[in-house]
Amino acid sequence: MLKNIGIIGAGQMGCGIAHVSAAAGYRVHIYDLSQDRIESGLATINGNLARLVTNGKMTEEERKSTLSLITGSSDVNDLAPSDLVIEAATEDETVKRKIYTQVCPVLKPEALLATNTSSLSITRLAAATDRPERFMGIHFMNPVPVMKLVELVRGIATDEKTFSAAKEFVGTLEKTITVAEDFPAFIVNRILLPMINEAIYTLYEGVGTVDAIDTAMKLGANHPMGPLQLADFIGLDTCLSIMQVLHDGLADSKYRPCPLLVKYVEAGWLGRKSGRGFYDYRGEVPVPTR
Ligand SMILES: CC(=O)CC(=O)SCCNC(=O)CCNC(=O)[C@H](O)C(C)(C)COP(=O)(O)OP(=O)(O)OC[C@H]1O[C@@H](n2cnc3c(N)ncnc32)[C@H](O)[C@@H]1OP(=O)(O)O
Ligand SMILES: NC(=O)C1=CN([C@@H]2O[C@H](COP(=O)(O)OP(=O)(O)OC[C@H]3O[C@@H](n4cnc5c(N)ncnc54)[C@H](OP(=O)(O)O)[C@@H]3O)[C@@H](O)[C@H]2O)C=CC1
């Protein structure tokens, strides 16, 4: 029975996973390199919980007790009591491998380690840990408190006990599971990211403006967000990493990341999280940057 959940990375996904885990009654500890990141992550979680109270979906007591279950620190040793650690750090294989080297020696031998990676090989990441049989992909969708799906992905060495424990854990969060094989970007992102990349090519080639492309897909295909708005929401660095993994892993030119996506990332225009992407978020309302 899992009780203590460790989260690596106080970004949008780490905080979302912390939120839903604590709301389900788990004790949660968030580890990040930066104390500032942790503080702002905790403030975001508090804001999202407060909104649930305002909307009558959570009581004030539940908000307080949920928040009281979440701690955070920049000391990796604080992950030691974790029964399950979910790594939700930057989508970069080198970063994730380095994290596992630092975290594994701290963990109980029986602790499970999972990654929220959007695209990277679970088998290859598992090989960078001391516990490939107790390692797998638990892939939440953004925003975590709202989205119903979690993809579960086994690596070649993942044992059945680990898979069952992950399945049970996700079930307690009231999410629906799909199982994906360990192929680049799994199911959701294998389909979603080429669509987003194509929307960026559509912009790059001048077929339409940011506004035209997003309006077309919202009203013409009933998507809740336009593809460029969604790219900004996911993070353009994450979108680019996923496209690179698809391109490298499947060796097909149809996955070539759009040069305009590369340019935005090189500029540090990463979308909502950096204040600017296909839209500029620094004013009252988002304004298209093209
Ligand atoms: C990259 C990967 O590896 C995989 C991925 O995650 S891909 C991305 C998958 N996600 C999507 O495709 C999201 C697409 N967008 C949507 O579904 C919707 O636009 C949305 C749910 C994000 C917002 O919905 P909306 O109707 O436009 O806005 P809004 O009415 O403000 O929000 C709906 C609810 O979601 C909540 N919500 C919105 N954004 C939120 C956030 N970031 N965190 C927590 N809750 C949020 C709101 O509080 C609101 O809750 P109530 O119903 O209790 O009021
Ligand atoms: N964004 C999305 O829509 C989705 C993302 N994912 C996946 O979830 C993971 C996280 O994404 P997301 O939350 O969006 O990214 P963010 O950029 O919002 O957050 C990543 C966090 O990890 C931190 N971090 C970086 N390196 C380390 C390290 N060595 N040790 C501890 N923390 C570190 C970052 O700190 P700093 O900023 O200081 O570098 C940052 O706080 C990625 O693997 C991504 O692919 C999965 C589903 C959806």
Side-chain angles (χ1 to χ4, degrees), residues 6-20 23 30-41 44-58 72-76 78-79 85-103 114-120 122 125 137-151 153 180 185-193 195-196 214 217-218 222-227 229-246 265 268 270-274:
I7 307 279
I8 302 173
Q12 48 185 345
M13 294 307 292
C15 291
I17 300 166
H19 170 146
V20 297
I30 308 175
Y31 160 72
D32 197 291
L33 291 176
S34 133
Q35 193 59 40
D36 286 354
R37 271 292 211 156
I38 294 166
E39 301 297 334
S40 77
T44 302
I45 296 172
N46 190 26
N48 285 334
L49 292 171
R51 205 167 49 214
L52 292 175
V53 176
T54 309
N55 294 344
K57 295 190 172 164
M58 184 179 258
S73 79
S74 53
D75 182 353
V76 74
D78 293 336
L79 288 171
V85 171
I86 304 174
E87 171 273 308
T90 312
E91 187 74 345
D92 177 322
E93 187 162 340
T94 313
V95 169
K96 290 186 189 292
R97 282 174 167 272
K98 194 170 160 213
I99 289 173
Y100 302 151
T101 316
Q102 289 162 346
V103 167
T115 175
N116 188 50
T117 181
S118 297
S119 60
L120 294 163
I122 302 303
L125 290 177
I138 305 184
H139 180 214
F140 289 82
M141 306 295 138
N142 188 14
V144 181
V146 179
M147 304 300 282
K148 295 279 170 247
L149 187 80
V150 175
E151 283 184 307
V153 191
F186 320 122
I187 297 173
V188 171
N189 289 331
R190 169 81 178 258
I191 299 167
L192 182 66
L193 262 295
M195 189 273 287
I196 289 176
D214 276 351
M217 293 307 286
K218 276 193 285 189
N222 253 3
H223 289 195
M225 284 177 169
Q229 197 187 358
L230 182 56
D232 275 0
F233 183 62
I234 291 169
L236 301 188
D237 52 342
T238 304
C239 290
L240 178 58
S241 295
I242 298 169
M243 286 313 299
Q244 282 164 339
V245 168
L246 281 168
V265 173
L270 306 183
R272 272 203 207 177
K273 65 183 170 187
S274 71

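Ligands are counted one by one from 1 in listed order, and the atoms in each one are counted from 1 as well. For reference, positions follow the sequence shown, starting with 1.
- Using a 4.5 Å cut-off on side-chain heavy atoms (C-beta onward), Leu270 and Val265 make contact.
- The closest approach between a heavy atom of Ser34 and any atom of ligand 2 is not below 4.0 Å.
- In terms of protein heavy-atom proximity, atom 37 (O) of ligand 2 is closest to Arg37 NH2, 2.8 Å.
- Scanning both residues, Val188 and Glu151, for their nearest heavy atoms gives N-OE2, 3.0 Å.
- From the protein, the heavy atom lying nearest to atom 41 (O) of ligand 2 is Asp32 OD2, 2.7 Å.
- Considering only non-hydrogen atoms, atom 11 (O) of ligand 2 lies nearest to Met13 out of Glu91, Gln102, Met147, Met13.
- Side-chain contact check for Asn48 versus Val144: every heavy-atom pair is 4.5 Å or farther apart.
- What sits closest to atom 1 (N) of ligand 2 on the protein, heavy atoms only, is Ile234 O, 2.8 Å.
- Residue contact check: Lys96 has heavy atoms under 4.0 Å from atoms 42 (C), 43 (O) of ligand 2.
- Each of the atoms 5 (C), 6 (N), 7 (C), 44 (C), 45 (O), 46 (C), 47 (C) of ligand 2 lies under 4.0 Å from some heavy atom of Ser118.
- When the options Ile7, Thr238, Asn142 are ranked by their closest heavy atom to atom 3 (O) of ligand 2, first place goes to Asn142.
- Counting atoms of ligand 2 from 1 in the listed order, those under 4.0 Å from a heavy atom of Thr117 are 43 (O).
- For atom 39 (O) of ligand 2, the closest non-hydrogen atom on the protein side is Thr90 OG1, 4.3 Å.
- Of the heavy atoms in Phe140, only backbone atoms (N, CA, C, O) come closer than 4.0 Å to ligand 2.
- Separating the CD atom in Gln244 from the CG atom in Asp92 is a distance of 9.5 Å, to the nearest 0.5 Å.
- Each of Asn48, Arg51, Asn55, Lys57, Ser118, His139, Met141, Asn142, Pro143, Pro145, Val146, Met147, Asn189, Leu192, Pro224, Met225, Leu230, Ile234 has a non-hydrogen atom positioned under 4.0 Å from some atom of ligand 1.
- Per-residue contacts place Val95 under 4.0 angstrom from the following atoms of ligand 2 (heavy atoms of the residue considered): 26 (N).
- Taking the side chain as every heavy atom from C-beta outward, His19 and Leu52 approach each other to under 4.5 Å.
- For the atom pair NE2 (His139) and CG (Asn189), the distance works out to 5.0 Å, reported to the nearest 0.5 Å.
- Every atom of ligand 2 is numbered from 1 in the order shown, and the set under 4.0 Å from a heavy atom of His139 is 46 (C), 47 (C).
- A 4.5 Å side-chain heavy-atom check between Phe140 and Ile86 finds at least one atom pair inside the cut-off.
- The protein heavy-atom contact nearest to atom 15 (O) of ligand 2 is Lys273 NZ, 4.0 Å.
- Both the backbone and the side chain of Leu33 come within 4.0 Å of ligand 2, counting heavy atoms alone.
- Between Ile8 and the options Asp32, Val76, Leu79, a side-chain contact (heavy atoms from CB on, under 4.5 Å) holds for only Leu79.
- Contact check for Glu91 versus Lys96: side-chain heavy atoms found under the 4.5 Å cut-off.
- Contact record, Ser241 with Ser119: O-OG, 4.5 Å, taken as the closest heavy-atom pair.
- Side-chain contact check for Leu230 versus Leu192: some heavy-atom pair is nearer than 4.5 Å.
- Residue, atom and distance of the protein heavy atom nearest to atom 10 (C) of ligand 2 are Ala88 O, 3.2 Å.
- The protein heavy atom nearest to atom 33 (C) of ligand 2 is Ala89 CB, 3.9 Å.
- Results of the side-chain contact (heavy atoms from CB on, under 4.5 Å) test with Gln12 over Thr238, Ile17, Asn142 single out Asn142 as the only residue that passes.
- Not a single heavy atom of Lys98 sits less than 4.0 Å from an atom of ligand 2.
- Of all protein heavy atoms, the one closest to atom 19 (O) of ligand 2 is Gly11 CA, 3.2 Å.
- In this structure the side chain of Ser74 never reaches within 4.5 angstrom of the side chain of Leu33, judged on heavy atoms.
- Shown here are the salt bridge (Lys or Arg N to Asp or Glu O under 4.0 Å) partners of Arg51, two or more places apart in sequence or in another chain: there are none.
- If you number the atoms of ligand 2 from 1 as listed, the ones under 4.0 Å from a heavy atom of Ile99 come out as 27 (C), 28 (C), 29 (N), 30 (N).
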Query raised in the report: Going through the checks in order, is the side chain to side chain contact (heavy atoms under 4.5 Å, CB included) test met by Ile196 and Ile234?
Result: CA-CA 11 Å; Ile196 289 176; Ile234 291 169; 3.9 Å; yes
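- Annotation: Asn116 places an N or O atom under 3.5 Å from an N or O atom of ligand 2; distance criterion only.
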Query raised in the report: Can you list the steps and then say if Ile45 with Ile30 is a side chain to side chain contact (heavy atoms under 4.5 Å, CB included)?
Result: CA-CA 12 Å; Ile45 296 172; Ile30 308 175; 4.1 Å; yes
